[in-house]
There are 2 protein chains.
Amino acid sequence: MTVELVNTGSELLFGKILNTHQQWLCRRLTDLGHAVLRQVAVPDTGESIEQAVREALARADLVITTGGLGPTCDDLTRERIASLLGRRLFPDASVAENIARYFAGRRLTVPARTVVETMVPEGAEVLPNHFGTAPGLAMQVSPNPFRPAGAGSWLVMLPGPPRELRPMFEQILLPRLKSWFPQSEGFVCRTLKTTGIGESSMEEKIGEPLQPLVDAGMELGFCARVGEVDVRFVGRGPGAEAQVAQAEAITRGLVGANIFGAEDDVLESVIVREFQSRGLRLALAESCTGGHIANRITNIPGASAVLLAGYVTYANASKIRELGVSPVTLEKQGAVSEETVREMALGARRVSGADYAIAVTGIAGPSGGSEEKPVGLVYIGVAGPKEVTVLRKVNAFDRETFKYLTAQQAMMLLWRAVVAPE
Amino acid sequence: MTVELVNTGSELLFGKILNTHQQWLCRRLTDLGHAVLRQVAVPDTGESIEQAVREALARADLVITTGGLGPTCDDLTRERIASLLGRRLFPDASVAENIARYFAGRRLTVPARTVVETMVPEGAEVLPNHFGTAPGLAMQVSPNPFRPAGAGSWLVMLPGPPRELRPMFEQILLPRLKSWFPQSEGFVCRTLKTTGIGESSMEEKIGEPLQPLVDAGMELGFCARVGEVDVRFVGRGPGAEAQVAQAEAITRGLVGANIFGAEDDVLESVIVREFQSRGLRLALAESCTGGHIANRITNIPGASAVLLAGYVTYANASKIRELGVSPVTLEKQGAVSEETVREMALGARRVSGADYAIAVTGIAGPSGGSEEKPVGLVYIGVAGPKEVTVLRKVNAFDRETFKYLTAQQAMMLLWRAVVAPE
């Protein structure tokens, strides 16, 4: 089953907004075992939309459009697709009701322009919008006049706002996809999240042991990000479940210490979850990461029960005052040193009363480096009930990548100290 | 002049990575006065790449591809485009030299596979890569066999990594674009960055006064983001400069208090710049934003000279210990209250010795709200040499949007206190 995406919206071609639909939809469709073969973005002109949809229908079993279903004059998707397929538009009472309910709930009168949102092409099914006014629309194009063999396709129009599109995909479209395109065979997709090991080392360690499973048809994939490598197994057919489970077991046996989670886990969510379930408390002392770790930890709901205190101690005076770092250490070893990070971690743990504390001190750049202590040098310390562990790294990247990667290393060090002490 | 983009990379269609090239290139091209009419993403298969490039060449004056120029087996762009256009590939000595220099600088031997990166299609110009090994390539396709009228097109191939693509575009491609496609008429694009005012209020205030300029041909655009609205003027022709300057003057006269910068300014960069130039120091006391403001401030080079200390004081004990907030205030008024934020701001300023301090306390959600103090309620305080200003807001959004928007409001409050006291 092949899929093509058509993202409509002039703001995409002006570069005013980032197209997050592409990644989100591609990922969800891939997870479901479907192959997205092309994605196109076109401006809000009737002609561009028609051309892109016509071309996509000529190739794909499923065409999904996003955007252009709203009430303003540049919302043309519904109308142009109906005209392309020679279908008339009829008002739909269920949509009108949903719109009336939406505005009544906000004590507003229904704007006259929303009437276009109630129009549904002949033969199309309404995909109700629980988070907005414009419904999605789904229609079977069969026979498909644009496809050489005349094979039929499905055409789905989704609204542009991510807050409306995503729940509509999950709750309304997904069950329909499963019935339109039943996966006759089993399909299992499993992603393990790892950190602290590069993509090529990972491949070196697990490639050969997994080769028999790959030879038997299982897909093995790697995806490297800053400070993380995803390992992905895709199995198809009746034995898929067992195949993928075996691959996971082999991988855990070989690089288990690097695996911190699965699927959509991120280090900060794993840490908040582990701390919550163990009743532990955390403190953070950040110099060069400047609040980046605190920000990521507090993005996770429930962080307030875990994070006792965070200190952004850029200035030496602040390291001394807030964390009790010794002025002698700062003078003799410097702010970026193993001894300073050790005192920062111990100080943050002691002052806050936390069970564990992370401390970070380094040179984010672009300036401030020296021969002996280059830009990118960073010391990371984790103080726990038993000991302090210190890591020295040189993360020679731009400022934001430096902060991100250092945070990954720090959170992994903490995670290992708490969950998987070696 | 019309442009189409072809982004190659199977990882894009798997949804493994976000396509940031689209927005970045579209924005830069739009700023230069060019119209991007279509963007396509295709997997790393020779056929998909050829088809997408052929279709784009049939329509556009300039086709830009990204990705697929590296040394691995799925890097097919160079080869397939050469074959599509019937051009032979020749090794280029300047590229080989650059590659040798690249690896020598890293004390590594040159991998054999990089030899494919030295191959250049007949008639193509090498765009040197100062940040990697694969060069960009530019070629004139004239006559263009795919275009109905036979009009010529330009075809440019850029490498996939953003760190290589962006400087290559700015430093190498941009001057060439200006000579290939000279803007015969003047072209001026100016964006004013505003905050603290909604898109529709903005349009209400400046729309009518700017109407005469719009009638005279100037484009007026708005782009709303979380806590920000961009106002954009585009002028063309000999009077463009004067037209846009007049529009800016009118706008500053009407909503000047909301304008914090222009073009790519963000609130944190404007604040670091202002503090640096005035020799001022900052402290941050964040409860519900959990380090988000500190993280954004410290993303800006030079922040270390400005930010004295940041406190992430989630717990009441931490507010008392680090900032000297009175336990009685916390008991009687609650942690989320005007009096608490005032004491946090004053405490952060006093303890750190900073000239200004921001304090934030609120309920980020998703839980923790009450009838009286709903999720999204936040108090923001700015303490300066003369006074403390407190803002009360209800930012009822998801957790990350809440943090982002609250940070915008807090930084704007600080910016006004320092730069534009009313």
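Per chain, numbering begins at 1; letters A, B, ... match sequence-line order.
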Starting from the C-alpha separation in whole Å, work towards a yes-or-no answer on side-chain contact (heavy atoms from CB on, under 4.5 Å) for B:Leu284 and A:Val312. CA-CA 9 Å; B:Leu284 302 170; A:Val312 180; over 6 Å; no
Interatomic distance, B:Thr313 atom OG1 to A:Leu307 atom CG [nearest 0.5 angstrom]: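 Taking OG1 in B:Thr313 and CG in A:Leu307, the distance rounds to 10.0 Å.
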Heavy-atom cut-off 4.5 Å, strictly under: side chain, backbone, both or neither for [X] against chain B?
{"X": "A:Ala317", "result": "neither"}
{"X": "A:Glu55", "result": "side chain"}
{"X": "A:Ala52", "result": "both"}
{"X": "A:Ile300", "result": "backbone"}
{"X": "A:Val351", "result": "both"}
{"X": "A:Arg281", "result": "neither"}
{"X": "A:Ala303", "result": "both"}

Tell me, for B:Gln51 versus chain A, whether the close heavy atoms (under 4.5 Å) come from the side chain, the backbone, both or neither.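 When you check distances to chain A, atoms from both the backbone and side chain of B:Gln51 fall under 4.5 Å.
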Select one option (side chain, backbone, both, neither) describing which atoms of B:Arg321 are under 4.5 Å from chain A's heavy atoms.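 Interface part for B:Arg321: side chain.
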With sequence neighbours excluded, tell me which residues meet side chain to side chain donor-acceptor pair (under 3.5 Å) with B:Ser10.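 B:Ser10: no side chain to side chain donor-acceptor pair (under 3.5 Å) contacts found.
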With respect to chain B, which residue among [options] yields the maximal number of heavy-atom pairs within a distance under 4.5 Å?
{"options": "A:Val3, A:Asn7, A:Leu37", "answer": "A:Leu37"}
{"options": "A:Asp230, A:Thr289, A:Val40, A:Val42", "answer": "A:Val40"}
{"options": "A:Gly368, A:Ser48, A:Ser352", "answer": "A:Ser352"}
{"options": "A:Thr45, A:Val36, A:Asn19", "answer": "A:Val36"}

CD of A:Glu263: more than 12 outside heavy atoms within 6.0 angstrom?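 Yes, CD of A:Glu263 has more than 12 neighbouring heavy atoms, counting only those of other groups under 6.0 Å.
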Can you name the one residue among B:Glu286, B:His292, B:Arg399, B:Lys403 that meets side-chain hydrogen bond (donor to acceptor under 3.5 Å, both in side chains) with A:Thr298?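 Checked B:Glu286, B:His292, B:Arg399, B:Lys403 against A:Thr298; only one passes side-chain hydrogen bond (donor to acceptor under 3.5 Å, both in side chains): B:Lys403.
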Within residues 20-29 of chain A, which residues come under 4.5 Å of chain B, heavy atom to heavy atom?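 Those residues of residues 20-29 of chain A which have a heavy atom under 4.5 Å from chain B are A:Thr20, A:Gln22, A:Gln23, A:Cys26, A:Arg27.
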Among [options], which residue forms the greatest number of heavy-atom pairs with chain A at distances under 4.5 Å?
{"options": "B:Asn295, B:Ile17, B:Thr30", "result": "B:Asn295"}
{"options": "B:Ser318, B:Ala35, B:Ser304", "result": "B:Ser304"}
{"options": "B:Ala294, B:Ala364, B:Ala283", "result": "B:Ala294"}
{"options": "B:Gly310, B:Pro43, B:Ser367, B:Gly291", "result": "B:Gly310"}
{"options": "B:Arg163, B:Glu4, B:Lys319", "result": "B:Arg163"}

Taking salt bridge (Lys or Arg N to Asp or Glu O under 4.0 Å) as the definition, give me every residue that meets it alongside B:Glu322, ordered by chain and number, with sequence neighbours left out.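 Partners of B:Glu322 by the salt bridge (Lys or Arg N to Asp or Glu O under 4.0 Å) criterion come out as none, since no residue qualifies.
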Please identify each residue that fulfils ring-ring contact (aromatic ring centres under 6.0 Å, His included) with A:Phe14, with sequence neighbours left out.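 So A:Phe14 forms no ring-ring contact (aromatic ring centres under 6.0 Å, His included) with any residue.
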